[in-house]
There are 4 protein chains.
Amino acid sequence: MKAAIIGGTGYGAIELIRLIQNHPYLEVGTVVSNSQAGSDFSDSYPHLSNIVNLTLEKFNAEKISKENEIVFLATPSGVSSSLAPQLIDKGIKVIDLSGDFRLRSQTEYETWYKHSAPTEEYLSKAVYGLSEIYAEEIKGATLIANPGCYPTATSLGLLPILKANLADSKSIIIDAKSGVSGAGRGLSLTSHYAEINENLKAYKLGAHQHIPEIEQVLKDETGSLITVSFTTHLVPMNRGIMITAYVNLTGKISTSEVHDLYSEFYKDHPFVRIRPEGTYPATKEVQGSNYCDIGLHVDPRTNRLTIISVIDNLVKGAAGQAIQNANLMNNWDIRTGLDSIPMYP
Amino acid sequence: MKAAIIGGTGYGAIELIRLIQNHPYLEVGTVVSNSQAGSDFSDSYPHLSNIVNLTLEKFNAEKISKENEIVFLATPSGVSSSLAPQLIDKGIKVIDLSGDFRLRSQTEYETWYKHSAPTEEYLSKAVYGLSEIYAEEIKGATLIANPGCYPTATSLGLLPILKANLADSKSIIIDAKSGVSGAGRGLSLTSHYAEINENLKAYKLGAHQHIPEIEQVLKDETGSLITVSFTTHLVPMNRGIMITAYVNLTGKISTSEVHDLYSEFYKDHPFVRIRPEGTYPATKEVQGSNYCDIGLHVDPRTNRLTIISVIDNLVKGAAGQAIQNANLMNNWDIRTGLDSIPMYP
Amino acid sequence: MKAAIIGGTGYGAIELIRLIQNHPYLEVGTVVSNSQAGSDFSDSYPHLSNIVNLTLEKFNAEKISKENEIVFLATPSGVSSSLAPQLIDKGIKVIDLSGDFRLRSQTEYETWYKHSAPTEEYLSKAVYGLSEIYAEEIKGATLIANPGCYPTATSLGLLPILKANLADSKSIIIDAKSGVSGAGRGLSLTSHYAEINENLKAYKLGAHQHIPEIEQVLKDETGSLITVSFTTHLVPMNRGIMITAYVNLTGKISTSEVHDLYSEFYKDHPFVRIRPEGTYPATKEVQGSNYCDIGLHVDPRTNRLTIISVIDNLVKGAAGQAIQNANLMNNWDIRTGLDSIPMYP
Amino acid sequence: MKAAIIGGTGYGAIELIRLIQNHPYLEVGTVVSNSQAGSDFSDSYPHLSNIVNLTLEKFNAEKISKENEIVFLATPSGVSSSLAPQLIDKGIKVIDLSGDFRLRSQTEYETWYKHSAPTEEYLSKAVYGLSEIYAEEIKGATLIANPGCYPTATSLGLLPILKANLADSKSIIIDAKSGVSGAGRGLSLTSHYAEINENLKAYKLGAHQHIPEIEQVLKDETGSLITVSFTTHLVPMNRGIMITAYVNLTGKISTSEVHDLYSEFYKDHPFVRIRPEGTYPATKEVQGSNYCDIGLHVDPRTNRLTIISVIDNLVKGAAGQAIQNANLMNNWDIRTGLDSIPMYP
């Protein structure tokens, strides 16, 4: 099955191409980059030399839909909202990696993203692609809003305890840490090597656009309006997200019991690995892979649960989950093309 | 004034030497390293070649106290407790950078440190050297328990809001992140380059020996028993600690009001810098310096205060604060020898 | 086909396991680690949890040869020399990733490695596994001496110009740079994070054990005794080797002509990629992959050729080339299991 | 003495300010940044908060020369050439950190820098500020062309052996490696964190503008026209330059004899430290300091000398040497303000 990738010169697209290369049923058909159209893909990314021999193209919905059966939009927010409808109208399935179709409320979108939301017509077609939670809806979807990297690590980490009604939903604090690739290949002082290396900084306090996305999932799954504290930090590394979440427990429950609860919750989900008691995942342990690893600790002194959840932001937090959703949409085993071992060290 | 440094081949000692070199009234007299005694200091640390020409010596309380007026113990916990008394008995002032004399309760010490506590006799002599808070007590002390790196960043970050009685003391969560130098120059898999680089890991959940130290300060200063959640993370960088602390506010108060409260609290303390509203300190902005920089954000959605507090773990978190305490003990301006600009980038 | 891996807790073994997972015809049978025998593999390497469920075993030549058809020795030099004969005697094929069987001269081995060489009997069975150059010999071998990481990058970079008789063989200078994983997972101050990070150091000047290996290949292929200058540097990154080689040209020849010479030389070798004139490979462009990328520049001012050759030290410099050799030995396409795209960024 | 700094928002300016803060006789008078004029300096560099309280100004030669006695130009090449004359004409001394006044030949300048050279009038006033070599000329100068980072490390490393007439001047190869701060704070893909981190790349082969500068010094000091091979590499670290230079020796001479030659050459130069035989400097060992550390190795197999020379590119390679030159111009001890111990680790 041929897949088109739009936004071909960003890290999301590059990761899609790496994963599709390992996928037995998918093949890259078209790669679109309006800014670099006409040039060889390997001019922008020499690591693809002699492997991916494609010329970057301008966006053309007609041509794309004729030559491909599925489209991955790895475009920035604000761009996907105008491209996705053109493709859907041609009858082609779309997986959008941007934030454009994740929030159901146009008002919320415009408040947090500071530009216009997609129309209701297309918003209503979008299925939120958190694969472990919405597998059934994803199977029948024509437009997938692939989740953000932070919301993926956060939702997978929080849902088991929240759905078990064991947590005080007013107490949720998420301390999030990310590598730099999450900010993309664009140039800014916050991605300048000498500014980031040997440095740790907090950013966007109370203002990160992933906050409403997290709260929407938590409300959908628990039925309650949940307001979270969510603080993001930039860590001097390329890949990896860790969220450290803190929730007050509503009753006495041990680390061991929480461990069992999580293991049971994810027992049919091979990409979520619950670590044994007393051990906690590190981001490198999922590097380059689609795994979300979770460690758990109940502090009896405070009766508070600490959840450590890690993913590779470019894989489970972007391209990998997109492939996992493509697998679901095509009724392939969800592990198809995603069973590589994390690259260590 | 001549100063002896015990534990001369660790990073704490090296940083003391760097700072003493810039200090107009202090001079290195003796450097002790039992393991390397007899060798040139610059064999272990070539960056000192032609600058510090000293031979490492064995520990000898008699000789040290004759040739020096002050001693910095940069020895591991469990070692200081046996060396400090010998020196104090000779009438020499001691600043101990280890954890041995920080906890007043022997039971607490033995619970968290897993080895024997110092005797009551010497414990009772120790003054906790958090310079901004205990300046008066420090001035008259003969034994300083120099604070830990995490407790320094945490206490300076939390005390203004707690002492103003504006925080719910049950709600305190401290998410702490540190560079690798804090773990010292000893060898272990957790300081192996390939394991740490491109990695982020949480460690010692609920078990870090700095927890009781933090709780002791908070209790001393607020009068209340406070139990904190404290989670430590290892960040791939050499220097720097950031703590991100979360506290529920007991009333409505704006970021601006909190900012004024902190500014007022530290107005006579040049090493604590409160950042303007909407900006947050990064660890690199205090690199190599004795500053503790603090940023503040009240999230009106949750009525929770987020505090970002950063230090250089080897300076304000160890050697710098030790020098600041030496300044206090000698009635020198606290900035003496510590007024260098952070090294950036 | 089942493969045993000996030396299971080092980085070489881990990389073999990652690559074998992607290989359609190979499967891990046994993993041996004498030091960790009896424990789960994922205790040492949590990134393998739920993927590789194996118990580490003690070395037992009998059992290994019954349960596997091929053995990869990822053991240190000095260990392989005693294990390989036991396995070969049982009729099983062995690919040794250590230096033990690379040098044909026992004297040279003992001079550079400072311990006893293998016996002549087994040395004479060994085929040097530089896949692009010795494919025919490798196909029939029972014992492969898998090349060192530096010699692989160096030999592939130098051979085309030397074999074309266009270089002054007395002028060869190789300035080599490596990431830290090449030194393995063992503990030493030279792999301590705080010592390596933000640092660049030269090491083993004139004394690196890869020097005689490089000179042996160059002599075998050119017929001349060639003495090289070879200087190694440790770069603060996990993976990647770059060699920058300098050779005086014996006649006038342009960059473009050299480029054509190299392209022709490697035209049937998919893992060697010659970069277009004016561009040079970076180590990240081969990260996680079996490629060796080469850039070329003739400086008309000095009539000297500069060759930039990069590999991932753990893949083409170790485990990947071992798999490539296994492919050759089994008459599989050499790309089998090795066609992944480099991980970028 | 008041000093003005022009180009105030680059790393060179920031380092000047850090060093001037430690200097007993210098004080920052004016900081010019045309792009940020009118804003507080600490808006661009929060690490200066509460330490350096200055408003950035527009360039005004009249005002600068009234309020300051010396000017440091930390402006890009092509800008200094137009500013320096205006300042010199007002009778103020200028130390230019850019490349504009380093090459005496306008033709060479325009060939390598690709824009117009300064006029002969001002070029002829410029003294090349390699402090150890041209101290006498510097003392009387009104315009200093402060050397480039690579030429500083290279010249100090090569001159002793070349001036002793022991090297084949046709054989000189310089393999140079630099951290990222040398490229400044400007934005480009080659300073993007995710592109540089975990990567090593060669750049500007045969085209680096420091080549003619190196050759000019070597010619001035040896009387011979010397053409060098010079290859630059970008290393994933903030600070530090290492050059590994290779020269064929013209006679038999041991490492020990070369060591003595270098020690003698630099015996009155405290900032050049010759390492003991068998040890080599690492960049971290000069971090933040004005030292140039040199290690030496003669390989008897090739009769070639390998020279390892390291500096901090922002200190001895830029701001530190500028201060050293200011010390010379004012007849202060050259160590004034520069005697800090390198920051380690």
Side-chain angles (χ1 to χ4, degrees), chain A residues 170-179 192-207 211 215 227-231 233-242 244 246 248 255 278 280-285 287 295-302 304 306 308 310 343-345, chain B residues 170-179 192-207 211 215 227-231 233-242 244 246 248 255 278 280-285 287 295-302 304 306 308 310 343-345:
Chain A
K170 288 218 166 77
S171 72
I172 302 173
I173 289 172
I174 303 147
D175 192 279
K177 299 102 177 164
S178 177
H192 187 290
Y193 183 87
E195 300 286 319
I196 296 304
N197 181 43
E198 285 294 289
N199 202 2
L200 175 65
K201 51 170 63 179
Y203 67 102
K204 284 200 189 176
L205 268 76
I211 293 176
E215 293 178 351
T227 306
V228 300
S229 282
F230 178 74
T231 306
H233 303 79
L234 194 58
V235 176
M237 59 185 189
N238 283 0
R239 285 171 181 247
I241 275 182
M242 175 183 286
T244 309
Y246 302 90
N248 293 347
T255 298
Y280 309 98
T283 58
K284 191 195 283 292
E285 291 161 8
Q287 183 177 244
L296 301 156
H297 176 70
V298 176
D299 187 347
R301 302 165 71 251
T302 55
R304 198 173 276 138
T306 303
I308 311 282
V310 303
M343 196 172 94
Y344 195 95
Chain B
K170 289 220 166 76
S171 72
I172 302 173
I173 289 172
I174 303 147
D175 191 279
K177 299 102 177 163
S178 177
H192 187 290
Y193 183 86
E195 300 286 318
I196 296 305
N197 182 42
E198 285 294 289
N199 202 2
L200 175 65
K201 51 170 64 179
Y203 68 102
K204 283 199 189 176
L205 268 76
I211 293 175
E215 292 178 350
T227 306
V228 300
S229 283
F230 179 73
T231 306
H233 302 79
L234 194 58
V235 176
M237 59 185 189
N238 282 1
R239 286 171 180 246
I241 275 182
M242 175 183 287
T244 309
Y246 302 89
N248 292 347
T255 299
Y280 309 98
T283 58
K284 192 195 283 289
E285 291 161 8
Q287 182 177 245
L296 301 156
H297 176 70
V298 175
D299 186 347
R301 301 165 70 252
T302 55
R304 198 173 275 138
T306 303
I308 311 281
V310 303
M343 197 173 94
Y344 196 95

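Predicted, not measured: the structure shown is a model, and the values here were computed from it. We name chains A, B, ... by the order of the sequence lines, and we start the count at 1 in each one.
Separating the CG atom in A/Asp299 from the CZ atom in B/Phe230 is a distance of 12.0 Å, to the nearest 0.5 Å. The structure places OH of A/Tyr203 at 12.0 Å from CD1 of B/Ile308, a figure rounded to the nearest 0.5 Å. Taking OG1 of B/Thr302 as the reference point, atom NZ of A/Lys170 lies at 12.0 Å (rounded to 0.5 Å).
Proximity to chain A (any heavy atom under 4.5 Å) is restricted, for B/Tyr344, to the side chain, taken from C-beta onward. When heavy atoms are compared at a cutoff of 4.5 Å, A/Leu205 approaches chain B by way of both its backbone and its side chain. If you measure heavy-atom distances from A/Val298 to chain B, you find no contacts under 4.5 Å at all. Proximity to chain A involves both the backbone and the side chain of B/Arg301, based on heavy atoms less than 4.5 angstrom apart. Residue contact with chain A, scored on non-hydrogen atoms closer than 4.5 Å, involves the side chain of B/Ile211 exclusively. For B/Val310, no part sits under 4.5 Å from any heavy atom of chain A, backbone or side chain. Residue B/Asn248: no heavy atom, backbone or side chain, is found under 4.5 Å from chain A.
Note on A/Pro345, A/Gly240, A/Ser229, A/Ala207: by heavy-atom pairs under 4.5 Å with chain B, the leading option is A/Ser229. Ranked by heavy-atom pairs under 4.5 Å with chain B, the first of A/Ala194, A/Gly206, A/Ala202 is A/Ala194. Chosen from A/Gln287, A/Arg239, A/His297, A/Glu285, the residue pairing most often with chain B at heavy-atom distances under 4.5 Å is A/His297. Top candidate by heavy-atom pairs under 4.5 Å with chain A, chosen from B/Leu234, B/Ile241, B/Thr231, B/Val235, is B/Thr231.
In this structure B/Lys177 satisfies the salt bridge (Lys or Arg N to Asp or Glu O under 4.0 Å) test together with A/Asp175, B/Asp175, sequence neighbours excluded.
Put simply, the side chain of B/Lys284 gets close to the backbone of A/Asn197: a donor and an acceptor are under 3.5 Å apart. One N or O on the side chain of A/Thr283 and one on the backbone of B/Leu200 form a donor-acceptor pair closer than 3.5 Å. Between the side chain of B/Glu198 and the main chain of A/Asn238, a donor-acceptor pair closer than 3.5 Å is present.
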Review point. Can A/His233 and B/Thr244 be said to form a side chain to side chain contact (heavy atoms under 4.5 Å, CB included), step by step?
Key: CA-CA 10 Å; A/His233 303 79; B/Thr244 309; 2.8 Å; yes
Exercise for review: Check step by step if side chain to side chain contact (heavy atoms under 4.5 Å, CB included) holds for B/Arg304 and A/Ile173.
Suggested key: CA-CA 10 Å; B/Arg304 198 173 275 138; A/Ile173 289 172; 3.4 Å; yes
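A pairwise comparison of heavy atoms in A/Met242 and B/Lys201 identifies CE-CA, 3.8 Å as the closest pair.
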